[in-house]
Each structure stands twice: as C-alpha cells, then as structure tokens.
*Asks:* 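This structure is in structure tokens; I'll ask about it shortly.
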Amino acid sequence: MEERMMTFETMITLNNGVQIPQLGYGTALISENQKETVQTVLNALELGYRHLDTASVYYNETAVGEAIRQSGIPRDKLFVTTKLWTTDMRIGREYDAFQESLSRLGLDYVDLYLIHWPVRGRYQQSWEVLERIREEGLARSIGVSNFNPHHIDDIISMGGTVPAINQYQMHPQMSCPKLRAYCQSRGTVLEACQPLGQGLYVYDPILSRIGRKYGKSAVQVVLRWELQHGVVTIPKGTQVGHIRENCNLFDFELNAEDMSEIDSMNINRSITPDADPETFTF
C-alpha cells in the first residue's frame with residue numbers, strides 16, 4: 001500500500017516518464033446516443049476529470065472527441081486513452097485502425113494506446129505496430145489490456161518495449177495480488193478496469209460498514225482502496241451524482257486494518273473472460 005497524500009491531480013509516472021492521472025473516467029457503455037455521451041463526458045470534465053478512457057469497440061470515440069472540443073480544456077491538460085480491437089488485429093490492419101481512431105477523436109495524438117485483448121498468434125506482431133505508432137509521436141505511451149503475465153513476457157522476450165500499462169479488472173473480490181506484484185516487477189502500471197465490479201458492491205455490508213466510519217459510500221471505499229494500492233482506476237458513471245461520487249475520494253484515507261479487511265474479500269471472482277482458455281473468442 002502506498003501511503004501518500006492524494007488529490008484529483010495525483011499522477012503516476014509511467015516507465016517512459018509520461019505521467020498519467022491516477023483517477024480517470026471510463027466511457028464504456030455510457031449510452032448508445034451520441035449526444036448523451038457527449039454531455040456525459042462533458043459532465044465528467046466539468047467535475048474535474050482530466051483522464052478519459054475509450055476504445056474503438058465502445059463506438060464513442062467521435063463523441064469523446066466532441067466533448068473534448070466543447071470543453072475548451074487545452075489538449076496538453078488531458079490524458080486520452082483508446083484501444084486496438086481484436087478484429088483489426090486478426091486481419092493485420094492495426095495501423096489503419098489506429099489512424100481511424102485518431103480521426104474519430106479528432107486529435108493529433110493520444111496519450112496512451114492499448115492492445116485491448118491478447119489475440120492468440122497476433123499480439124506480438126500487433127505490439128510492433130504500437131511501437132511504430134509511439135516512435136512516430138502519435139501515442140505518447142503504449143500498453144496492453146487484459147494481458148496475463150505470460151503475454152507480457154512474450155512481448156519482452158522478443159525485445160519489445162515493456163508495456164507502460166496493463167489495464168485489467170480489479171475489484172475487492174478480484175484483487176489480483178499476484179498480477180499486481182508481477183506488473184510492479186516489470187515496471188508496468190496496473191490500471192483497474194471494472195473497478196466497481198459492474199455494480200457488485202453498492203450494497204455490500206462489509207464495505208458499507210467501513211464507509212460509515214468515514215462518511216462515505218461503499219463505492220467510494222472501493223475506489224479509495226484501489227487508489228491506495230497505487231493502481232490507476234477508471235470508474236464509469238452516467239448520472240452527474242454518480243460521477244461526482246466516484247471522484248469525491250480525497251478527503252479521507254483508509255487505515256491499514258480496513259485495507260487488510262478489503263484485501264481479504266478476494267475470491268478471484270472474474271467478471272470478464274480470461275484470455276487464456278481455448279474458448280476465448282474476442
């Protein structure tokens with residue numbers, strides 16, 4: 001656990017020196033309506049978020065880009081992530097897919113570009129394309145998502161750049177202690193997607209009890225627990241109240257006993273597919 005004062009502006013330094021805001025805003029499945037998505041992202045930016053996470057498969061890059069333009073926030077004050085989808089990897093159009101994402105966003109570069117899933121037989125070649133994108137200055141950092149340790153080892157063993165980020169599900173019942181330790185040993189920052197377990201913890205009695213000590217909700221306790229573990233976290237919210245709740249995390253600190261109790265909730269309960277089994281088809 002990292003013991004440090006945190007604020008909305010707290011950054012984590014990646015292995016290439018680029019800084020990423022530790023708390024970000026996830027945009028997956030916000031809305032099928034583009035205008036609603038624009039407004040929701042604008043709401044997040046107005047509340048103080050400066051880190052936006054999207055992906056080509058979320059089908060909202062255009063809306064995210066429009067929200068960025070409407071916000072009036074200088075580009076260098078924002079951290080924008082998008083991702084390479086599996087379909088484009090399988091047919092070898094990684095570079096074109098990236099350029100299309102960039103066009104939809106209306107940006108000259110992204111701050112982080114990720115391989116969304118480790119497609120068997122393709123992710124090593126795809127990583128070489130991401131290295132080209134970074135070398136051309138089109139992505140400040142590159143990383144992976146949903147990668148298990150051996151996938152990252154494959155990239156490193158072929159002489160590739162060590163991924164700056166591994167975005168992976170993390171929540172109290174899937175706290176990933178071994179993966180967190182592995183990523184730390186490789187100089188890769190773990191970023192928690194699905195940080196609230198798809199609503200799993202809203203009424204959790206343990207987290208609610210801990211929250212009452214601090215005047216916070218169970219959801220806020222979860223997010224604070226993740227931040228104190230030193231990971232980047234990207235909660236999603238669609239209502240202004242929820243978005244505000246998800247970022248009201250910096251006026252309390254969980255003590256060691258509470259952190260340990262939340263750690264003990266881990267039962268390796270996965271809510272997303274694992275990329276290793278032969279049944280993986282994304």
Side-chain angles (χ1 to χ4, degrees), residues 14 16 18 20-21 24-30 37 41 44 49 51-65 67-68 78-120 122-134 136 138-148 151-152 155 160-170 179 183 188-195 198 231-236 271-275 280-282:
L14 302 178
N16 64 345
V18 170
I20 182 172
Y25 180 68
T27 68
L29 303 176
I30 288 178
T37 299
V41 176
Y49 287 92
H51 171 186
L52 301 175
D53 180 274
T54 184
S56 61
V57 78
Y58 298 167
Y59 302 108
N60 63 12
E61 290 170 314
T62 299
V64 170
I68 289 171
L78 296 172
F79 192 100
V80 181
T81 300
T82 193
K83 309 178 191 77
L84 171 67
W85 187 236
T86 59
T87 303
D88 293 305
M89 295 172 67
R90 288 192 172 95
I91 60 177
R93 62 183 311 275
E94 294 95 337
Y95 192 83
D96 289 343
F98 171 78
Q99 292 287 354
E100 290 162 6
S101 286
L102 208 59
S103 177
R104 287 189 290 267
L105 286 162
L107 300 177
D108 296 326
Y109 67 93
V110 295
D111 299 277
L112 179 63
Y113 194 50
L114 305 178
I115 294 178
H116 210 148
W117 287 90
V119 175
R120 189 176 290 108
R122 282 300 310 175
Y123 61 88
Q124 295 98 326
Q125 295 93 325
S126 295
W127 187 247
E128 292 176 345
V129 179
L130 265 66
E131 290 181 311
R132 172 189 168 189
I133 289 167
R134 187 209 53 198
E136 292 179 357
L138 300 175
R140 297 174 67 216
S141 299
I142 55 176
V144 296
S145 179
N146 302 298
F147 273 46
N148 291 320
H151 298 124
I152 296 175
I155 289 172
T161 305
V162 177
I165 286 276
N166 184 19
Q167 188 180 112
Y168 204 91
Q169 64 167 316
M170 177 180 166
L179 180 62
C183 287
T188 298
V189 170
L190 187 70
E191 181 174 68
C193 62
Q194 307 289 357
Q198 297 180 349
V231 304
V232 176
T233 187
I234 47 172
K236 180 186 74 173
I271 57 175
T272 60
D274 188 282
F280 174 73
T281 58
F282 278 12

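Quantities reported herein were computed from a predicted structural model and do not represent experimental measurements. Computed from heavy atoms alone, side chains included, the values below leave out hydrogens, waters and symmetry copies.
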*Asks:* Report, as yes or no, whether the 6.0 Å neighbourhood of atom CD1 on I271 holds more than 12 heavy atoms from other residues, nucleotides or ligands.
*Replies:*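 Atom CD1 in I271 is crowded, with more than 12 foreign heavy atoms closer than 6.0 Å.
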
*Asks:* Going by heavy atoms in the side chains, are H116 and S56 under 4.5 Å from each other?
*Replies:*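 Side chain of H116 against side chain of S56, heavy atoms only: no contact under 4.5 Å found.
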
*Asks:* Please answer whether the main-chain N or O of G143 pairs with a side-chain N or O of N166 as donor and acceptor at a distance below 3.5 Å.
*Replies:*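 No.
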
*Asks:* Among residues at least two apart in sequence or on other chains, which ones pass side-chain hydrogen bond (donor to acceptor under 3.5 Å, both in side chains) with T81?
*Replies:* none

*Asks:* Got a sec, which residues hit side-chain hydrogen bond (donor to acceptor under 3.5 Å, both in side chains) with E100, two or more places apart in sequence or on another chain?
*Replies:*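 Checked E100 against side-chain hydrogen bond (donor to acceptor under 3.5 Å, both in side chains); matches are R93.
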
*Asks:* Check side-chain hydrogen bond (donor to acceptor under 3.5 Å, both in side chains) between T272 and all other residues, then give those that pass, not counting sequence neighbours.
*Replies:* Q169

*Asks:* Judged by atom type as modelled, is there a donor-acceptor pair below 3.5 Å linking the side chain of W127 to the main-chain atoms of I152?
*Replies:*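 It does not hold such a pair.
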
*Asks:* Any heavy-atom pair between the side chains of L112 and F79 that's under 4.5 Å?
*Replies:*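 Sidechains of L112 and F79: in contact.
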
*Asks:* Residues in ring-ring contact (aromatic ring centres under 6.0 Å, His included) with Y49, at least two apart?
*Replies:*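 Y49: ring-ring contact (aromatic ring centres under 6.0 Å, His included) contacts with F8, Y25.
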
*Asks:* Less than 4.5 Å apart, side chain to side chain, heavy atoms only: is that true for I20 and D111?
*Replies:* no

*Asks:* Is any side-chain heavy atom of H51 closer than 4.5 Å to one of V232?
*Replies:*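 Of all side-chain heavy-atom pairs linking H51 with V232, at least one is under 4.5 Å.
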
*Asks:* List for me each residue that meets side-chain hydrogen bond (donor to acceptor under 3.5 Å, both in side chains) alongside Q167, sequence neighbours excluded, and say none if there are none.
*Replies:* D53, E191

*Asks:* For Y123, which residues count as a ring-ring contact (aromatic ring centres under 6.0 Å, His included) partner, sequence neighbours excluded?
*Replies:*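 Listed in chain order: F147, H151.
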
*Asks:* Answer yes or no: is there a side-chain heavy-atom contact under 4.5 Å between M89 and W117?
*Replies:* no

*Asks:* May I ask you to test the L138-Y95 pair for a side-chain heavy-atom distance under 4.5 Å?
*Replies:*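 In short, these two side chains touch, coming nearer than 4.5 Å.
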
*Asks:* Should T37 and T27 count as side-chain neighbours, where that means a heavy-atom distance under 4.5 Å?
*Replies:* no

